[in-house]
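None of the values given here were measured: they were computed from a predicted structure. To find a chain, count down the sequence lines: A is the first, B the second, and so on, and within it residues start at 1.
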Protein chains: 2
Amino acid sequence: MFIRIDLNSEETLYSQLSNQIKYGIAKGYLKPGEDLPSVRGLASELGINLHTVAKAYNRLKEEGIININRSRGVKVSKQVLTNRGTDYETILHGKITKLVSEGICHGIEKDEFMQMVEKIFDGLEGEQK
Amino acid sequence: MFIRIDLNSEETLYSQLSNQIKYGIAKGYLKPGEDLPSVRGLASELGINLHTVAKAYNRLKEEGIININRSRGVKVSKQVLTNRGTDYETILHGKITKLVSEGICHGIEKDEFMQMVEKIFDGLEGEQK
DNA sequence: ATACTGTTATATAAGTAATATAACAAGTAT
DNA sequence: ATACTTGTTATATTACTTATATAACAGTAT
């Protein structure tokens with residue numbers, strides 16, 4: 001697994017986990033339909049509690065990014081990367097607005113921000129397939 | 001004041017507050033050097049506790065966005081919009097990476113994302129001066 | 001003096017995060 | 001059939017965060 005947990009981070013463990021799984025999917029480390037480790041498996045691999053993993057998985061499920069089946073386990077959604085939630089644009093708009101506002105407060109200019117976004121996209125989107 | 005607090009939001013009150021102040025600065029509602037309301041004043045205007053406002057203000061101070069003076073009150077930093085913290089790019093890079101990863105998982109494409117960022121920037125940056 | 005600033009100190013209530021155990025229900029493997 | 005694996009549910013505990021409430025303090029104005 002590519003996941004690394006930082007016990008000293010401000011970010012909660014389950015949030016680190018779900019964010020890194022999103023990153024893994026975007027980067028292509030995890031393909032649509034692919035299996036994810038069991039809650040117990042991943043928990044023991046990372047040295048954390050199974051409920052913490054379960055919580056991360058359930059957040060991702062609510063976002064439609066993974067599917068959980070009581071006895072078949074956890075898989076990356078087959079529709080991930082193509083199917084978008086109905087109101088995700090609104091959510092994303094709010095999140096970008098926050099980030100751009102903060103950036104402006106720190107003297108980041110539009111061109112710089114856009115170049116950063118472009119670079120990050122190129123670093124991720126290439127690798128999928 | 002342009003600030004609106006949502007008591008039912010997932011986001012904490014002090015986080016809503018500091019984010020909306022960042023937005024206000026980016027949008028030009030608040031100019032560099034301008035006074036912000038006193039902790040008691042803003043707290044009573046919003047119907048929340050003065051310590052909650054103080055916490056939001058202190059986060060913004062740690063980010064270098066505002067200045068707090070024990071008896072002169074709170075002002076928007078004069079260097080805001082121009083002076084950037086040393087390692088802010090790194091922080092921003094991480095935040096954008098998270099957001100782009102999530103976007104990709106929801107089927108958002110690069111062009112769409114970039115257009116969203118551009119529109120948001122244009123909606124904010126114009127109004128300052 | 002009075003009134004205003006942010007700050008500090010204390011206390012309390014409610015919620016969240018993370019852990020630990022144990023048991024359950026449904027499928028798979030041998 | 002038995003054993004094992006899956007996520008889920010339940011209970012409990014510890015620690016931390018959020019938000020509130022009062023009160024007092026230390027400057028700085030008028």
- Query: How would you list all residue pairs meeting salt bridge (charged side-chain N to carboxylate O under 4.0 Å, His left out) that involve residues 1-20 of chain B, not counting sequence neighbours?
  - Reply: A:Lys98-B:Glu11
- Message: Quick test of your reading: applying salt bridge (charged side-chain N to carboxylate O under 4.0 Å, His left out), list the pairs with at least one residue in residues 72-88 of chain B, sequence neighbours left out, ordered by first then second residue.
- Response: A:Glu112-B:Arg84, B:Asp35-B:Lys75, B:Arg84-B:Glu89
What residues, two or more places apart in sequence or in another chain, satisfy side chain to side chain contact (heavy atoms under 4.5 Å, CB included) together with [X]?
{"X": "B:Ser44", "result": "none"}
{"X": "A:Thr82", "result": "A:Gln79"}
{"X": "A:Arg40", "result": "A:Ser38, A:Leu50"}

- Message: I need the full list of ring-ring contact (aromatic ring centres under 6.0 Å, His included) pairs touching residues 62-101 of chain B, with sequence neighbours left out, sorted by first then second residue.
- Response: A:His106-B:Tyr88
- Scan residues 31-60 of chain B for pairs that pass ring-ring contact (aromatic ring centres under 6.0 Å, His included), counting only residues two or more places apart or in two chains. none
- Query: Can a side chain N or O of B:Lys55 be found less than 4.0 Å away from OP1 or OP2 on D:dT18?
  - Reply: yes
- Message: Could you tell me if A:Lys55 sits above the aromatic ring of A:Tyr14, with its cationic atom closer than 6.0 Å to the ring centre and no more than 45 degrees from the axis?
- Response: yes
- B:Lys61 side chain to B:Ala56 main-chain N or O, any donor-acceptor pair under 3.5 Å? no
- Item | Bracket string, DNA chain D, 5' to 3' - pairs by Watson-Crick or G-U geometry under 3.5 Å, | interstrand | |||||.|||||||||||||||||||.||||
- Message: Quick check on contacts: within residues 3-24 of chain B, what sits under 4.0 Å from DNA chain D by heavy-atom distance?
- Response: B:Thr12, B:Leu13, B:Tyr14
- Message: I need the residues from residues 34-53 of chain A with at least one non-hydrogen atom less than 4.0 Å from DNA chain D; give them sorted by number, or say none.
- Response: A:Ser38, A:Val39, A:Arg40, A:His51
- Item | Results of salt bridge (Lys or Arg N to Asp or Glu O under 4.0 Å) for B:Arg59 - residues two or more places apart only | none
- Hey, can you pull the residues of residues 63-72 of chain A with a non-hydrogen atom under 4.0 angstrom from DNA chain C? A:Arg70, A:Ser71
- Task: Evaluate the side-chain proximity of B:Ser101 to A:Leu124: yes if any heavy-atom separation is below 4.5 Å, no if none is.
- Result: yes
